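FYI, the numbering just counts along the sequence from 1. Here the structure is a predicted model, which means the values were calculated and not measured.
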Amino acid sequence: MAAETLVEPPPSSLSGVARVLVNAGKLTPKAAEDLTKAARDRKGSFVAAVISAGAVKPDDLAHTLSAALALPLVDLNAIDATKLPRNIVDQKIASQYQLMVLGKRGNRLFIGAADPTDQEAVERIKFATQLSPEWVIVEYDKLMRALEGQGASANEVLESLTSADFEFDVTEEDAAAAEGADIATEVEDAPVVRFLQKMLIDAINMRASDLHFEPYEYTYRVRFRIDGELREITQPPVAIKEKLASRIKVISRMDISEKRVPQDGRMKLKFGSKAIDFRVSTLPTLFGEKVVIRILDPSSAKLGIEALGYEKIEKDRLMQAIGRPYGMILVTGPTGSGKTVSLYTCLNLLNQPGVNIATVEDPAEINLPGINQVNVNDRAGLTFAAALKSFLRQDPDIIMVGEIRDLETADIALKAAQTGHLVMSTLHTNDAPTTLTRLLNMGVAPFNIASSVLLITAQRLARKLCENCKKPAEYPRDSLLKAGFKPDELDGSMRLYRAVGCSSCNNGYKGRVGIYQVMPITEAIQRIILTEGSALDIAKQAEIEGVRDLRQSGLIKVRAGVTTLEEVITVTNE
């Protein structure tokens, strides 16, 4: 039976690599066909699909292809990437076909790739370089790391990047502002615009939340925040810093002539029929304007409550609170802990034709149809408090306040919660119990807090383990007890994992998950508030009532293999 399988040719739909793996017994024909279909659906390579699925390890794949195709195999870890020839093959082609130039001898060009059967890549390289490519097998994970580390140098991007498929949403007024500012000719600006588009598109593809363009005395660097961590992506020439900042300011509807004070704006990048919004902030520094661009993802508010990472009891408490006709719900945590997404997820659940929802934010990050959204404008006198007063004359059912910053805003929001409105807002506090004492310290009357607040949820974002490469981990018993595990949990059945790192993740992590402390305001907690008890008293009572603190919620994620103990300790180490 096995002999017949080897004699019978693999299905004609299989690529060269798929055929090699089937013939070598590394994949069944059915598995190869499934992976081919998966690669086609994702518009990616077959090799990437094989590695991502864990069907064949990168080193095994490389050795199999080298033996079957009689091609040399090179370990990229043994090569100094800084000494490799550059500017021979366009970086766009190298990224598209996942290959890198290893050397050149005469008219022969040695190309490192994980898939040496890609004839389209051969033809593209021949045409672009007028050289004869010769394949060298390299391991896929090491190739991806090398390409990512090498990045597209700014000069390559500025010289060769094409942008036919992408455009910024620029109004006639913006265009007039650009001409009036006499920034540069269109020919000079085009490479800068293409470089900016390249950075934005790369950031989206790498699941980044923010882009940082940072000028220094002798360097200019670009960093992306990916899964909460900043990573340096490239160092463009210092000479482009002013043009790049000017172009961003034009597109973001900022004052291009003002470079002495911080500014805020928004811009939009169109992908055919799809558009993605970005929030932009500029800051004057010693050596130029630093620009930070935040990617605003409207789809994150529509993921559903299950996707946020709430445990069942926490989700039930939250759903019960947002189902109430009036009262206040507070979401707390530091900047970048996902508070806005949590609030918008709740609003999306409540957004029905028969409900009037109004929000005031600074600024509105996610646009949701059916919700009346207002941006704070301090210069014009439109503060959180002013907008709240206006909302109460607009017959609202649900009000969302971006942040409670002062006593006036807190008072109006609490009174709105007492007069038949469901009010949602955020505060920057470490956990749920300290939120109540923060309101007391602001000057809010204890009776107003006790009678208005329904529920407080504190949250953090922890990096999720990559499912492809995570490995079991052993920890000393003392360390586990110190972290917060109970002695009866350490019976040997618990399995913890550690981050490893592979081609499809960021140092062993991929994506983030929420860790929550959801505290309903019960009668017992109300009594503590009325007697102006401390946050410690409230925390003790909450623990009696079964409310898990952030560390305990994080340990549940650790036991489930979602994240690591080190990550939970880091994000909950108050």
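- Side-chain atoms of T572 never come within 3.5 Å of backbone atoms of L550 as a donor-acceptor pair (strictly under, hydrogens ignored).
- Checked for salt-bridge contact, D316 and K312 meet the test: a charged N lies under 4.0 Å from a carboxylate O.
- Counting heavy atoms from C-beta on, the side chains of M519 and I525 come closer than 4.5 Å.
- Minimum interatomic distance between F447 and L530 (heavy atoms only, all atoms of both residues): CA-CD2, 3.7 Å.
- Applying salt bridge (charged side-chain N to carboxylate O under 4.0 Å, His left out) to E311 and the options K557, R559, R548 leaves one that passes, K557.
- Less than 6.0 angstrom separates the ring centroid of Y310 from the ring centroid of Y516.
- Between P396 and N356, the shortest heavy-atom distance links the atoms CA-ND2, 3.4 Å.
- Under a 3.5 Å cut-off, the side chain of T531 and the backbone N or O of R527 do form a donor-acceptor pair.
- Within 6.0 Å of CD on E489 lie more than 12 heavy atoms contributed by other residues, nucleotides or ligands.
- With no hydrogens or angles considered, no side-chain donor-acceptor pair links T426 and E403 at under 3.5 Å.
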Does the pair E289 and K241 meet the rule for a salt bridge (Lys or Arg N to Asp or Glu O under 4.0 Å), with working shown? CA-CA 8 Å; E289 288 183 286; K241 66 181 181 183; over 6 Å; no
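- From I529, atom CD1 reaches atom CD1 of I449 across 6.5 Å, with rounding to the nearest 0.5 Å.
- For the atom pair OG (S425) and CG (L330), the distance works out to 6.0 Å, reported to the nearest 0.5 Å.
- Here the closest heavy-atom approach between residue N448 and residue L414 is recorded as O-CD2, 4.0 Å.
- Atom CG of residue L230 and atom CZ of residue R221 lie 8.0 Å apart, to the nearest 0.5 angstrom.
- At distances below 3.5 Å, not a single donor-acceptor pair connects side-chain atoms of D411 with backbone N or O atoms of E408.
- Side-chain contact check for P446 versus L440: some heavy-atom pair is nearer than 4.5 Å.
- Heavy atoms of other residues, nucleotides or ligands lying less than 6.0 angstrom from CZ of F287 number more than 12.
- The shortest side-chain heavy-atom distance between I204 and I276 falls under the 4.5 Å cut-off.
- Between the side chains of E314 and S553, at least one donor-acceptor pair of N or O atoms lies under 3.5 Å.
- Residues T457 and Q517 have side chains that never bring a donor and an acceptor to within less than 3.5 angstrom of each other.
- Looking only at distances, a side-chain donor or acceptor of Q459 sits under 3.5 Å from a matching main-chain atom of S337.
- Looking at Q526, its side chain does come within 3.5 Å of a backbone N or O of A450 through a donor-acceptor pair.
- Side-chain atoms of T564 and Y509 form a donor-acceptor pair, as typed in the model, at a separation below 3.5 Å.
- Heavy atoms only, all atoms of each residue included: A208 and F224 are closest at CB-CB, 3.9 Å.
- A donor-acceptor pair is defined here as one N or O able to donate and one able to accept, closer than 3.5 Å; such a pair exists between the side chain of N441 and the backbone of T437.
- Atom NZ of K470 sits in a crowded spot, with more than 12 heavy atoms from other residues, nucleotides or ligands closer than 6.0 Å.
- Annotation: side chain of D362 is not in contact with side chain of N375 (no heavy-atom distance under 4.5 Å).
- Taking CG from L461 and OG from S209, the interatomic distance works out to 9.5 Å, rounded to the nearest 0.5 Å.
- Using a distance-only test at 3.5 Å, with no hydrogens or angles considered, a donor-acceptor pair links the side chain of Q263 to the main chain of D255.
- E467 and Y497 share no donor-acceptor pair across their side chains, judged by distance under 3.5 Å alone.
- Looking at T285 and P215, their side chains come closer than 4.5 Å, going by heavy atoms from C-beta outward.
- Note: F195 CZ to F213 CZ = 6.5 Å, rounded to the nearest 0.5 Å.
- T359 has its side chain within reach of Y344: a pair of non-hydrogen atoms, C-beta onward, lies under 4.5 Å apart.
- With rounding to the nearest 0.5 Å, the separation of CG in L439 from CD1 in I404 is 6.0 Å.
- Under a 4.0 Å N-O distance rule, the pair K482/D478 does not qualify as a salt bridge.
- Side-chain contact check for T345 and N348: no donor-acceptor pair (N or O, by modelled atom type) lies under 3.5 Å.
- Using a 4.5 Å cut-off on side-chain heavy atoms (C-beta onward), N372 and Q394 make no contact.
- The residue from E229, E214, E232 that alone fulfils the side-chain hydrogen bond (donor to acceptor under 3.5 Å, both in side chains) condition with R223 is E214.
- Contact between I521 and L455 at its shortest, heavy atoms only, is CG1-N, 4.1 Å.
- Of the possible polar contacts, none joining the D397 side chain to the V355 backbone as a donor-acceptor pair under 3.5 Å is found.
- Between D227 and the options K464, R463, R207, a side-chain hydrogen bond (donor to acceptor under 3.5 Å, both in side chains) holds for only R207.
- In terms of modelled atom types and a separation under 3.5 Å, the side chain of K339 and the main chain of P334 share a donor-acceptor contact.
- A donor-acceptor pair under 3.5 Å links the side-chain atoms of T435 to the main chain of D431, judged by distance alone.
- Under 3.5 Å, the side chains of T522 and E545 contain a donor-acceptor pair of N or O atoms.
- In summary, R294 and D210 engage in a salt bridge, as defined by a charged side-chain N under 4.0 Å from a carboxylate O.
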